[in-house]
Amino acid sequence: MTTESPAKVSEFEHSNLEVLYTAEDISNRVEALGRQITAEYAGKDLVLVGVLKGSCVFLSDLMRSIDLPLEIDFMSVASYKDGTTSSGDIEILKDLTKPIRGKDVIIVEDIIDTGLTLHRLIDILGTRGANSIKVAALLDKPEPRIKKEIVVDFCGFEIPNRFVVGYGLDVAGRFRNLPYVAVIRDPDQL
Ligand code: 5GP
């Protein structure tokens, strides 16, 4: 009996994806952010708080670009949407494992869209006695920000108002494993 392996269908060379930032572009930018954070947080009690699931790839690379002692922790939140837009109400699905009192926190996000989820998260973490709370986001879409102004202290790239996937970002759970960030050419062809 012969066992033939199935034909490989590449996820990384999908014809419906248009690359926006290559793995090299991202790596260069993340290293620059890491150097900036290293310079600003020397002597501080740094905790990186990743917002699951989208930030997992960015956080993994960012933490290895920061040449300081640091801890990591994670939160998972669900945002309630009014139709397609975020309402700003969030439910905490998974909270931090340790207190952040006296710590210097950087919230690590994959992408800031309306900014409402992050604004609410900053409100919640802001009641817990941290010494400081700042934000690192790989991608920022400044255009659709509707209500709340968010300061993204450490921003990878500002992007136009398009739906992107890869490097942690998904559509219906897929494409998080792409080593680059891409735009879906035809959303009807997924
Ligand atoms: P908002 O800032 O509107 O409250 O929500 C931000 C969240 O919406 C992000 O953490 C991400 O999960 C999702 N999101 C916003 N824009 C995009 C996008 O272009 N691609 C993907 N995959 N998710 C997005």
Side-chain angles (χ1 to χ4, degrees), residues 11-23 25-26 29-30 33 47-63 72-96 105-126 133-190:
E11 186 78 335
F12 295 172
E13 287 158 33
H14 203 289
S15 59
N16 199 11
L17 299 173
E18 180 188 329
V19 178
L20 198 57
Y21 296 108
T22 65
D25 295 334
I26 298 169
R29 190 69 195 113
V30 172
L33 291 177
V47 184
L48 302 180
V49 172
V51 185
L52 293 172
K53 302 176 186 165
S55 72
C56 66
V57 182
F58 178 41
L59 185 132
S60 304
D61 284 345
L62 184 65
M63 67 188 279
I72 62 168
D73 209 338
F74 293 95
M75 285 192 80
S76 177
V77 299
S79 321
Y80 294 102
K81 308 244 174 197
D82 302 327
T84 54
T85 55
S86 179
S87 69
D89 288 334
I90 62 172
E91 181 190 354
I92 297 178
L93 302 178
K94 186 217 165 297
D95 208 333
L96 300 176
V105 173
I106 300 179
I107 300 174
V108 181
E109 264 282 22
D110 50 359
I111 186 165
I112 315 294
D113 188 11
T114 63
L116 290 169
T117 307
L118 185 60
H119 193 272
R120 192 67 196 101
L121 199 53
I122 292 170
D123 275 352
I124 292 168
L125 295 184
I133 299 180
K134 291 197 176 186
V135 174
L138 179 74
L139 304 169
D140 186 16
K141 284 187 198 170
E143 223 178 283
R145 195 159 300 155
I146 47 176
K147 279 189 198 140
K148 306 288 186 187
E149 258 321 302
I150 295 282
V151 176
V152 183
D153 305 276
F154 307 100
C155 176
F157 304 96
E158 282 198 357
I159 63 165
N161 192 11
R162 297 185 67 184
F163 192 83
V164 292
V165 294
Y167 197 73
L169 288 148
D170 74 311
V171 57
R174 192 169 162 197
F175 294 129
R176 290 193 201 276
N177 56 328
L178 301 180
Y180 53 84
V181 171
V183 174
I184 308 268
R185 284 188 220 270
D186 181 359
D188 295 332
Q189 295 300 313
L190 288 172

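For this chain, numbers begin at 1 and follow the sequence in order. Every number for a ligand or one of its atoms is a count from 1 in the order of the listing.
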With a 4.0 Å cut-off on heavy atoms, does [X] reach ligand 1?
X      : answer
Val171 : no
Lys141 : yes
Ser79  : no

What atoms in ligand 1 come closer than 4.0 Å to a heavy atom of [X]?
X      : value
Asp113 : 1 (P), 2 (O), 3 (O), 15 (C), 16 (N)
Arg162 : 19 (O)
Thr114 : 1 (P), 2 (O), 3 (O), 4 (O)
Asp110 : 9 (C), 10 (O)
Thr117 : 1 (P), 4 (O), 5 (O)
Val164 : 18 (C), 19 (O), 20 (N), 21 (C), 22 (N)
Asp170 : 21 (C), 22 (N)

**Prompt:** Quick one: are the ring centres of Phe157 and Tyr21 less than 6.0 Å apart?
**Reply:** yes
**Request:** Kindly compute the distance separating CZ (Phe58) from CD1 (Ile111), expressed to the nearest 0.5 Å.
**Result:** 12.0 Å
**Qualifying residues under salt bridge (charged side-chain N to carboxylate O under 4.0 Å, His left out), relative to Glu11, sequence neighbours excluded** = Arg174
**Prompt:** Considering distance alone, does some N or O of Leu169 sit under 3.5 Å from an N or O of ligand 1?
**Reply:** no
**Message:** Pairs of nitrogen or oxygen atoms closer than 3.5 Å, one from Phe163 and one from ligand 1: do any exist?
**Reply:** no
Any side-chain heavy-atom pair from [X] and [Y] closer than 4.5 angstrom?
X      : Y      : value
Lys134 : Val105 : no
Val164 : Ile159 : yes
Leu138 : Ile26  : yes

**Prompt:** How would you list all residue pairs meeting salt bridge (charged side-chain N to carboxylate O under 4.0 Å, His left out) that involve residues 52-62, not counting sequence neighbours?
**Reply:** Asp61-Arg64
**Region of Glu109 engaging ligand 1 - heavy atom pairs below 4.0 Å** = side chain
**Message:** Test side chain to side chain contact (heavy atoms under 4.5 Å, CB included) on Ile90 and Ile124; report intermediate values, then the result.
**Reply:** CA-CA 10 Å; Ile90 62 172; Ile124 292 168; 3.9 Å; yes
**Stepwise side chain to side chain contact (heavy atoms under 4.5 Å, CB included) check, Phe12 with Leu178** = CA-CA 6 Å; Phe12 295 172; Leu178 301 180; 3.8 Å; yes
